[in-house]
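What follows is a set of notes on a single structure, which appears directly below.
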There are 2 protein chains.
Amino acid sequence: MRLSTRGRYGLRALFDLALNQSGGPIPLSEIARRQNISESYLEQLFASLRKAGLVKSVRGAHGGYNLGASADAIYIGQILRTLEGDIAPADCVNDRHATECSGADACVTRIIWEKIKDSIDQVIDSISLGDMVQKQNELDQKNLKNGIVNNSHTQCNI
Amino acid sequence: MRLSTRGRYGLRALFDLALNQSGGPIPLSEIARRQNISESYLEQLFASLRKAGLVKSVRGAHGGYNLGASADAIYIGQILRTLEGDIAPADCVNDRHATECSGADACVTRIIWEKIKDSIDQVIDSISLGDMVQKQNELDQKNLKNGIVNNSHTQCNI
DNA sequence: CCAATTCCTACTAAATTACTATAGATTAAC
DNA sequence: GTTAATCTATAGTAATTTAGTAGGAATTGG
């Protein structure tokens, strides 16, 4: 039940974008370098994110990407669903893929999948990029007090 | 983030076993037929389940499988983890696979994965096979009142 | 003995994942 | 107007994972 790299990289990339917003657009090469993700792979992910309105692009030299909305208005559920499809443990509870199952109204196993899905949804639809940025600031403050300095927020190999 | 057939079939098979317990061991061929799952694939799954103590086997003619404990004492978390490994959206929060990540103590993305994992764990570690059996009985009662009869609990193609 | 069963291991085809490659379009800066 | 930096689009591909199948050995009731 692991997310694929699409969802994992995509969230990290958008979080990076949210952390490093500066008014002007951020080129993918920067995000790729900071996050240690292949630039051309990111291009694919950002194509999907752009179509979903989660980022806005500026073409040409000095172009790049900006968030498509305020970080407080972008929930990680939107990001993950854009990149991974509906987050569901089985197709019978996938709202998009929608594989109907005969006898679903008497299927207890299906109820289990639904509960799992609902609990995931509740998490990912209640946390925004803005929340993540705020949390990062808190963590940095805390670590600063303890003498730990990490201003990179990068190099995740997962 | 779909579960693989190992987890999905495995849960259905053990639920089938819990529903159809009769004292004596149930051969896999029965479960395979009722649940529409390949018998030889089930053999593989039950090998893992047996090693984990979730089922007990009786070899030879008239042999088969029984639950390894009371249905009330077998939680679906145990079943899914036996067949799928730890249920985690990313390796950095996988307690078994345990891919350590440098800077994990300042990683907000990791905190997200952890919340997702925790919410899944809470669901799967709070529902037992016994709960599922009880729920099935309730559903059958309800459907009976409405004239819907479904005594098969089978043929899921998901 | 024989049939029904679990047990064990190896193999394999299909699907998915995680990219890479290539070509093109757009734009800022010089 | 040329160049370099950037996004856009599509196709290809190697590695991995999934979802089984196959074949046979061991066990046991009748």
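Atoms considered below: every heavy atom in the structure, side chains included; atoms not considered: hydrogens, waters and symmetry mates. Order of the sequence lines sets the chain letters (A, B, ...), proteins ahead of strands, with each chain counted from 1.
For the side chain to side chain contact (heavy atoms under 4.5 Å, CB included) test, no residue two or more places apart in sequence or in another chain qualifies with A:Ala61. Under the side chain to side chain donor-acceptor pair (under 3.5 Å) criterion, B:Glu84 pairs with B:Ser4, sequence neighbours left out. Contacts of A:Ser128 classified as side chain to side chain donor-acceptor pair (under 3.5 Å), with partners at least two apart in sequence or in another chain: A:Asp131.
Side-chain contact between A:Ile31 and A:Phe15: absent, with no pair of heavy atoms (C-beta onward) separated by less than 4.5 Å. Using a 4.5 Å heavy-atom cutoff, the side chains of A:Ile116 and A:Val93 are not in contact. B:Met1 places a side-chain heavy atom less than 4.5 Å from the side chain of B:Pro89. The shortest distance between side-chain heavy atoms of A:Leu11 and A:Met132 falls below 4.5 Å.
Separating the CG atom of A:Leu42 from the P atom of D:dA9 is a distance of 17 Å, rounded to the nearest angstrom. If you measure from atom CG of B:Leu3 to atom P of D:dA19, you get 10 Å, rounded to the nearest angstrom. Atoms CE (A:Met1) and C1' (D:dT18) sit 16 Å apart, rounded to a whole Å.
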Distances under 3.5 Å between protein N/O atoms and the N/O atoms of nucleotides 28-30 of chain D, please, pair by pair.
from	atom 1	to	atom 2	distance (Å)
D:dT28	O2	B:Ala61	N	3.3

Look for any protein N or O under 3.5 Å of an N or O in nucleotides 20-24 of chain D and output each such pair with its distance, or none.
from	atom 1	to	atom 2	distance (Å)
D:dG20	OP2	B:Tyr9	OH	2.9
D:dT21	OP2	B:Ser38	OG	2.8
D:dT21	O4	B:Gln44	NE2	2.5

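Residues of residues 46-55 of chain B that place a heavy atom closer than 4.0 Å to DNA chain C, in numerical order, are B:Arg50.
Screening residues 19-30 of chain A for side chain to side chain donor-acceptor pair (under 3.5 Å), with sequence neighbours left out, gives A:Asp16-A:Asn20, A:Glu30-A:Arg34. For residues 107-123 of chain A, the salt bridge (Lys or Arg N to Asp or Glu O under 4.0 Å) pairs, not counting sequence neighbours, are A:Arg81-A:Asp121, A:Asp86-A:Lys117, A:Asp95-A:Lys117, A:Arg110-A:Glu114, A:Lys117-A:Asp121. Among pairs with a residue in residues 52-63 of chain A, none fulfils salt bridge (Lys or Arg N to Asp or Glu O under 4.0 Å), at least two apart in sequence or across chains.
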Contacts under 3.5 angstrom, residues 63-77 of chain B side chains, donor-acceptor by atom type, not counting sequence neighbours:
from	atom 1	to	atom 2	distance (Å)
B:Ser70	OG	B:Asp72	N	3.0

Would you mind writing out the side-chain donor-acceptor pairs for residues 38-50 of chain A within the sub-3.5 Å range, not counting sequence neighbours?
from	atom 1	to	atom 2	distance (Å)
A:Ser38	OG	A:Ser40	N	3.4
A:Ser38	OG	A:Ser40	OG	3.4
A:Ser38	OG	A:Tyr41	N	3.1
A:Tyr41	OH	A:Thr5	OG1	2.9
A:Ser48	OG	A:Arg6	NH2	3.3

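A donor and an acceptor atom, one from each side chain of A:Gln141 and A:Asn137, are nowhere located under 3.5 Å apart.
Reading DNA chain C from its 5' end, the first and the last nucleotide to sit under 4.0 Å from a heavy atom of chain A are C:dA18 to C:dA29.
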